[in-house]
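Structure first, commentary second.
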Amino acid sequence: MVDTAPTRPVDTGRDPRFRAGGPASARSTRAAEPPAGFDVDAVASMLLGRWADDRRASRALTLDPALHRIDGLTTAEHRARALEQCRLLVEHGAIQRPFPAAFGGTENHGGNLAAFEELTTADPSLQIKAGVQWGLFGSAVLHLGTTPNHDEFLPGIVDFSVPGCFAMTETGHGSDVQSIATTATYDPTTEEFEIHTPFRGAWKDYIGNAAVHGTAAVVFAQLVTGGVDHGVHAFYVPLRDGTGAFLPGVGGEDDGVKGGLNGVDNGRLHFDHVRVPRTNLLNRYGSVDADGSYSSPIASPGRRFFTMLGTLVQGRVSLDGAAIVAQKLALQIALTYALQRRQFPTGGGDEGVLLDYGRHQRRLIPRLATVFAQSFAHEQLLRTFDDVFSGREDTPERRQELETLAAGYKALSTWSALDTLQEAREACGGAGFLAENRLTALRSDLDVYVTFEGDNTVLLQLVGKRLLTDFAAAAPRDAAATARFVAAQVGTRIADASGLRAIGQTVADRGSVAHAVRDLRDPDTQHALLAERVSTMVSGIGLRIRAAGKDRAAAARIANENQHELIEAARAHTELLQWEAFTAALDDAPDESTRTVLTRLRDLFGLGLVEEHLAWHLVHGRLSMQRGQAVSASIDRLVRRLRPLVPDLVRTFGYEQAHVRAAIASGAEAERQDEARAWFDAERAAGRLPEPEKKPRH
């Protein structure tokens, strides 16, 4: 089997925790009885992660009603409110963390993102508008610029006296940044760059702060000097004067009302031969001398481009975290309601709470397990991000790993957020559709996250290409070894087709379904099922491409024909990393009871992935029919065991009512139910209830 996972932060094939019985923490609690409870505070601390103090500080700040979204505002009013909220963040010292000490910061990169993600509880529009200003505009100047750029531009960015834009995306080029058409042509006679959008498709589009508030922008353009195009670089370009009017040569339009995030004034920008000084080039990775000579510390244009874009990866990291926060809010709302709302008579005659019904448990509790997995994976991603941006481990390999992880996690968590928000909305019935309960607004605001900072499908293609690169590096080069390697792969495919892999399982499963259930709870079994799915898909695609030899056109055609499978492999790879992150987190549990609960959540997440792709496992002989049936039985059993712990599991999120702000999660429903039961009890005791037409049998 080919190891397709990166070597950090977890190992999918070489880690001894996944050999000879699996992780000790998971193994030791596999047959334990349902625990009476677990350490809620300890699990809450695990979820808060390394930057717990920064998260707590941000959560304390977002209790301020001045930062909260108000439903029913016009677009103009919402935009104005978000602008003032950004000023409040500056006043409270909430945005300075990542900047150097000279600009009031502490160079706390991981803590900055951890705190920033929590702004989602106040208003996603505030989170995104702040992200545009300090996470994109400010970070571009900080990470793509040099000391002179910092001294000139950062003070106004940090104190928000210069609201700004991050002008990368064009109407005609979204994810394909390398092909943008805006140009920056150097004129040595005036020592200026001329910024120009040559046609309508080159307009900068969907740009936050561009419609109204932005007074400057970091504009990405093809740098041309001496008749040579040196690729995409970033330039600081003033946009508006003190009255809010566009400067000469700058123009734009308002994107208008959107499906969500209407507190952010997205717009379009275009430039008609706009001139900026040579020193407005953010020149960490490329400089132009007064005479027009170009120089760069990175000789390869391709590597230079990807290095520059890699410095801006924090947008994807923060979106991953924000999507997880939104899911926690949604699940806290839906599960709290489900624990209080009563519907339909039970066997005893009383109405049961929604969460006592099996289907309701199945629709929400597995998603609870997923958000735990995503939280632990995100914590590892934040640590990788901080390692790179602090300079402790800033190597090309570590940056590539960070970019791959951020792309995969952002894709899965933002898709999961839409799924969870929709399911939570439906699980709350009509109440979930009311604006006062926040689910519809969160669903609308989070919708665009799946295309923010890169379309999710394109991001998974990036992950898939990394997997193919790793495969190519692992596969042998000499003829004899290649022949043996291919023969082994062919043997695997024959076994898949014939069902030979399932024979041993079938014999074992005939004895006891309970045995199959226990085996599926084994971490080695789960890891093997998840990892072999990745390796099988990646090696299959890799071998098909390798068969093209040096025919690049044929290789491109084969890659395109297998694009869907490659994206599925990338998704499976990222799911595997989330499972591994959850498994690694089990070692931090403070006691056996807590470890047991977290292990059951981990198992629920892992088996949920197997169930989702059960057809693949059956077709490829990874599971027998008997064991395939046991997957769903195992999930049902785990859900039932976790049901009594749901209130405490929700408590580990650590959100107060002022964070959640949903009427149906405030306790009001429990009061209504208590009032109704008290009325019926009193009427029954007084003999005032009418007789039913059909009396129940006793």
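Excluded from the calculations below are hydrogen atoms, water molecules and symmetry mates; all remaining heavy atoms, backbone and side chain alike, are included. Computed from a predicted model, the values in this text were never measured in an experiment.
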Kindly indicate, with the supporting measurements, whether the criterion side-chain contact (heavy atoms from CB on, under 4.5 Å) is fulfilled by S125 and N262. CA-CA 7 Å; S125 281; N262 280 300; 5.6 Å; no
Steps toward side-chain hydrogen bond (donor to acceptor under 3.5 Å, both in side chains) verdict (D123, H78): CA-CA 11 Å; D123 184 351; H78 198 177; 2.9 Å; yes
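Donor-acceptor pairing under 3.5 Å is lacking for the side chains of H617 and E532. In the model, Q526 has a side-chain atom that pairs as donor or acceptor with a side-chain atom of D603 under 3.5 Å. For the residue pair E117/H378, the side-chain donor-acceptor check at 3.5 Å is satisfied. A donor-acceptor contact closer than 3.5 angstrom links the side chains of R341 and Q343. Side-chain contact check for E423 and T420: no donor-acceptor pair (N or O, by modelled atom type) lies under 3.5 Å. Judged purely by distance below 3.5 Å, without hydrogens or angles, the side chains of T594 and D39 never pair a donor atom with an acceptor atom.
The pair R443-D447 counts as a salt bridge, with a side-chain nitrogen and a carboxylate oxygen less than 4.0 angstrom apart. Using a 4.0 Å cut-off between charged nitrogen and carboxylate oxygen, D71 and R69 count as a salt-bridge pair.
Counting only heavy atoms from C-beta outward, the side chains of T652 and F38 approach each other to under 4.5 Å. Side-chain contact between N437 and C428 is absent, with no heavy atoms from C-beta onward closer than 4.5 Å. T451 has its side chain out of reach of N456: every pair of non-hydrogen atoms, C-beta onward, lies at least 4.5 Å apart.
Relative to the ring axis of Y655, R59 places its NZ or CZ within 45° and under 6.0 Å from the centre. A cation-pi arrangement is not found for R622 relative to W616, the charged atom failing to lie both closer than 6.0 Å to the ring centre and inside a 45° cone about the ring normal.
Aromatic ring orientation, Y357 versus F344: perpendicular (interplanar angle above 60°, classes split at 30° and 60°).
Heavy-atom minimum distance, H360 versus A427: CE1-O, 3.3 Å.
Not counting sequence neighbours, F116 has no partner by the ring-ring contact (aromatic ring centres under 6.0 Å, His included) test.
Checked by atom type and distance alone, the side chain of K328 never pairs as donor or acceptor with a backbone atom of A323 at under 3.5 Å.
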